[in-house]
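Here's the structure we're looking at; comments come further down.
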Amino acid sequence: MNGALHANGLSKRYRAGWALRDCSLRVPSGRISGLVGPNGAGKTTLLRLAVGLLKPTAGEISVFGWSPTEQPNLVLARVGFVPQDRPLYRAFTVDDILQLGRHLNPRWDQALAVARLTRLAIPLNRKLAHLSGGQQAQVSLALALGKRPDLLLLDEPLSNLDPLARREFMSGLVEVVAAEGLSVILSSHVVAELERVCDHLVILNGGRVQVVGDIDELLQLHKLLIAPRVDPKSISGDATVIRATHTDRQSAMLVKVGSEPVRPDWEVHDVSLEDIVLAYLGNPAAATLPAPAMEKAG
Ligand code: ATP
């Protein structure tokens, strides 16, 4: 079973160099998956490959089992893509752009798109150029949802939104996913928001997949250990140190726990998703690809 998106050895090279290198991952369907990574990590490149806007240099990518470049009609009919740069036709009114959506998409749901925009008090007769950045983001989302996609790809949709709009956007997304059962891949730098709504996470770093897995599993797998000052290499057992900080007397280590118990004289604390993400981003050599999550394609 392929899940919503499956990549195998996926690589993309631009003239300047590799943007993605040998990426293998599986995103299960029916879930909201967060895609995080530093600037230039390859997130946009991955999303553009998923909709066939780019062709892999090597390896494969499939969406619901279909190739975006070889079977574009099958893929595009089922995927809504909200790109980072939102190339909306600025001279169009909101209503015009909805009409365009209706003409271009056989499964178009005008009522759903209009209901969302009305609820957000976005006037349908206003030109897109005269909407705020956040309102334009909402129109892009309404357009993507109006297609009734099975997979929604959102490239940094939160970047133009104020904190309240962010929260509303994310709550709206959770509602739609629950009601329609669609799959979402959402790239963002706002990890705290991702933690609230996502149940699956992919971390890209330097064009490589660093972490992929269920968020619940990742939270269980990672702990903060506080110990009298130690050399992280001396950690007994099979835990992996992802990040360590030391004072004269103490060491604090974010670890991926192994099967062996932690020493009883060490404190063990839970960590947040943000702690995990920051620890991995600060240590590009570390990687975790929890086997159960890889196999659990929806
Ligand atoms: P950000 O968080 O800044 O949006 P990103 O993770 O989405 O970054 P990408 O936009 O996928 O990263 O870029 C990955 C790498 O590929 C970067 O080094 C970038 O400079 C390069 N790149 C992206 N698009 C092109 C392009 N059209 N031509 C050449 N290089 C590109």
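Quantities reported herein were computed from a predicted structural model and do not represent experimental measurements. Counting convention: from 1, in listed order, for ligands and their atoms alike.
In this structure, atom 21 (C) of ligand 1 has protein heavy atoms in its sub-4.0 angstrom surroundings. Within the 4.0 angstrom cut-off, atom 24 (N) of ligand 1 has one or more protein heavy-atom neighbours.
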Point to revise | Test log, rule side chain to side chain contact (heavy atoms under 4.5 Å, CB included), inputs L98 and Q110 | key: CA-CA 7 Å; L98 295 183; Q110 177 80 359; 4.0 Å; yes
Practice item. In sequence, state the C-alpha distance, the side-chain angles, and the governing distance for M253 and W266, and then conclude on side chain to side chain contact (heavy atoms under 4.5 Å, CB included). Key: CA-CA 11 Å; M253 290 161 290; W266 290 7; 4.1 Å; yes
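Across all their heavy atoms, G42 and L20 have their closest contact at O-CD2, 3.7 Å.
Proximity to Q84 (heavy-atom distance under 4.0 Å) selects the following atoms of ligand 1: 4 (O). Listed by atom number, the atoms of ligand 1 under 4.0 Å from A19 heavy atoms are 14 (C), 15 (C), 16 (O). Under a 4.0 Å criterion applied to the non-hydrogen atoms of N39, ligand 1 contributes the atoms 1 (P), 2 (O), 3 (O), 8 (O).
Among protein heavy atoms, the minimum distance from atom 27 (N) of ligand 1 is reached at Y14 CE2, 3.8 Å. The nearest heavy-atom contact from the protein to atom 10 (O) of ligand 1 is T44 CB, 3.6 Å. Here the protein heavy atom with the shortest distance to atom 9 (P) of ligand 1 is T45 OG1, 3.7 Å. The protein atom (non-hydrogen) at minimum distance from atom 2 (O) of ligand 1 is K43 NZ, 2.7 Å.
Using a non-hydrogen distance threshold of 4.0 Å, G42 registers as a contact of ligand 1. Ligand 1 has P38 within reach: a non-hydrogen atom of the residue lies less than 4.0 Å from it. Ligand 1 is never approached by K12 to a heavy-atom distance shorter than 4.0 Å.
Looking at ligand 1, you'll find an N or O of G40 within less than 3.5 Å of one of its N or O atoms.
Taking the charged nitrogens against the carboxylate oxygens, E180 and R148 do have a contact shorter than 4.0 Å, which makes a salt bridge. A salt bridge does not link D155 to K43: none of the charged side-chain nitrogens sits closer than 4.0 Å to a carboxylate oxygen. Between K55 and E60, none of the side-chain N atoms (NZ, or NE/NH1/NH2) sits under 4.0 Å from a carboxylate O, so this pair counts as no salt bridge. Salt bridge present: D214 and R31 bring a charged side-chain N and a carboxylate O closer than 4.0 Å.
Between the side chain of S251 and the backbone N or O of H246 there is no donor-acceptor pair closer than 3.5 Å.
Compare E156, R15, R13, H189 by their heavy atoms: the one nearest to atom 4 (O) of ligand 1 is in E156.
Outside the 6.0 Å centre-distance limit, the rings of H6 and F64 are not counted as a close aromatic pair.
Between Q250 and P228 the shortest side-chain heavy-atom distance does not fall below 4.5 Å.
Contacts with ligand 1 closer than 4.0 Å are made by heavy atoms of both the backbone and the side chain of A41.
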